[in-house]
> 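Below is the structure I would like to discuss, written out as C-alpha cells.
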There are 2 protein chains.
Amino acid sequence: MAGRRSVAAALDTRAAIVRCAADIASVEGMEGVTIGRLAAELEMSKSGVIGHFGTKEQLQLATLEYAVDLFRTRVWDPVSHRPPGLDRLLAICESWTRHEDKPGFPGGCFIAAVTFEWDGRTGPVHDALVVTTERWRGVLRREIETAVAAGELAADTDPGQVVFALEALAVGVNPARQLHGDDLAPAWALRAMHAVLGVPAPSST
Amino acid sequence: MAGRRSVAAALDTRAAIVRCAADIASVEGMEGVTIGRLAAELEMSKSGVIGHFGTKEQLQLATLEYAVDLFRTRVWDPVSHRPPGLDRLLAICESWTRHEDKPGFPGGCFIAAVTFEWDGRTGPVHDALVVTTERWRGVLRREIETAVAAGELAADTDPGQVVFALEALAVGVNPARQLHGDDLAPAWALRAMHAVLGVPAPSST
DNA sequence: CAACTTAGCGAACGAACGTTCGTACTTCAA
DNA sequence: TTGAAGTACGAACGTTCGTTCGCTAAGTTG
C-alpha cells in the first residue's frame, strides 16, 4: 500500500486532513469545510482528500469523532481516576472550563460550535452529535446523583436542571471569548457552576 | 414605483424575504440561506430576491436587524416600563427564557444560532453582532449595578460574571431543546439564573 | 398623456461545490 | 519477479453559488 507517500505518511495524511478540518470548522462551522479548501490548505488534490473518506458526510463524522476524542482526553481523562461524587464533579468543571479556555482549536471549542450549527438539522451528523452529548450528559448526571446520594449536594437537586446549567455555562465561554474578548469567561463559568451546584465558590482560580 | 406587484406588495416582499431568511437561518445558519433557496421558497426569481438588498451580505445584515427587533419586542418591551433594579432584572430573565421557549423561529432563537456561527469570523455581520450583543449586555449590566447599589444583590457581585452567566444560560436553552428535546430547559435556565444571582428561586414557574 | 421610477423576471456569467473516473506510482505479499 | 493493494493525481462531470444585465410592466409625478 502506497502512492506518492509511504504507508505511515498515508495514515498521517488522513489524520492531518481531519485535524485541518476541525480547525476550520471551529471557526466557520462544518459547512465551512470544503473539499477544495482542505486540498488547498494541505497542498493536495481534491480527490486525494476525499479519497480517504468517500463522501463529505463521512469526513464530517470523522472530524466530529476526532474532536470528541480530544475532548475526552483533555476533560475526562485527567479526572477519571478520582472516586465518583462531588469531588470529581468539581474537578470535571475545572478541567472543562480549562478546556474551553484553551480548546486546541483556533475558533474555540469545536463541539460547542457544531452543537449550535447542527442542533436544528437532521441526518447522521446530527444523530452522532446527539449520541455524543447524551453520553457526556450521562456522565455528569451520574456524578450528580452520586453526590446527592452521598449528601454532598442538596437532596432536592434536580440532576437534569444542573446538567443543563453546567453545559450551558461551559459552552457559553466560546462566544464570550470570541465575540467580546472576555478572557475571564472560563473563571466566570466556573464560579457560576458552583452557584448552580449550591456549593461555595473557590476564593481564587 | 411598481412591477408585477404594487408598492405595498413590494414592501411586503422585502419583509417576506427577511422573514423567510430568518426562518431558514434559525435552522441551518445564515450560510444556509442562499438566494436560490429563498427564490424557490418565495416563488420568485433570484434576481427579484437579491434586488432588494444588492448583496447577500446586506441581506444578512437586514435579517439580523429583523431578529434583533423581534427580540427587543418580545423580551425588552414587556418589562421596559418597570423601574430599574432587581425586580426588572428578574422580569427580564422571565421574558427572556419565555422567548427562548417560543422564539418565533422554527429552528430556535435566531440570535443564539448566529452568535455561535459568526463568533469566530470577521466582517460586517460579525461586527453588527458584536454591537448588538454588547448593547444587550449593557442593559443587563446596568440593571445589575442598580440592584447592587440598592442592596438587592450582594455587594461583591461581579456584574461581568453575572451577565456572562445569564447570557450563557439563556442561549443554552436552544441546543437543549433542539438536540435533546428538553421542554423543561427554559424553566431550568430560569432557576439557574436565580442561583447565579444569589436570590431564592420561585417555587413554580 | 408623457416621463420617471422601480419591482421583478429570465438569462447568463465565472467560480466553487461534491463527486467520479482513469491513471501513475509505490509498497507489500506471493 | 510478478501481482495485488492502496495512495494520490489531474481532469472532468453536473449542480449550485452570488451577481450582473437588459427587459417588461405597473404605479407615481409632471
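Given the structure is predicted, the values throughout are model-derived calculations rather than measurements. So you know, we letter chains A, B, ... as the sequences are listed, proteins then strands, and number each from 1.
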> Could you give the CZ-to-P distance, from A:F53 to D:dA8, as a whole number of Å?
11 Å
> List for me each residue that meets side chain to side chain contact (heavy atoms under 4.5 Å, CB included) alongside B:D127, sequence neighbours excluded, and say none if there are none.
none
> Mind checking ring pair (Phe, Tyr, Trp, His ring centres under 6.0 Å) for B:H180 and listing every partner two or more places apart, or none if nothing turns up?
none
> I need a per-nucleotide contact map over nucleotides 17-23 of chain C, read 5' to 3'. Cutoff is protein heavy atoms under 4.0 Å; write B for the base, S for backbone only, - otherwise.
BBBBB--
> Applying side chain to side chain contact (heavy atoms under 4.5 Å, CB included), can you list everything that pairs with B:A40, at least two apart in sequence or on another chain?
none
> Is A:H52 near enough to D:dG6 that one of its side-chain N or O atoms lies under 4.0 angstrom from OP1 or OP2?
no
> Could you list all the salt bridge (charged side-chain N to carboxylate O under 4.0 Å, His left out) pairs where at least one residue sits in residues 166-185 of chain A, not counting sequence neighbours?
A:D101-A:R177, A:R137-A:E167, A:R177-A:D183, A:D182-B:R137
> Could you state the atom-to-atom distance from CG of B:D12 to C1' of C:dG8 in whole Å?
15 Å
> Can you sort out the partners of A:A195 under side chain to side chain contact (heavy atoms under 4.5 Å, CB included), two or more places apart, ordered by chain and number?
none
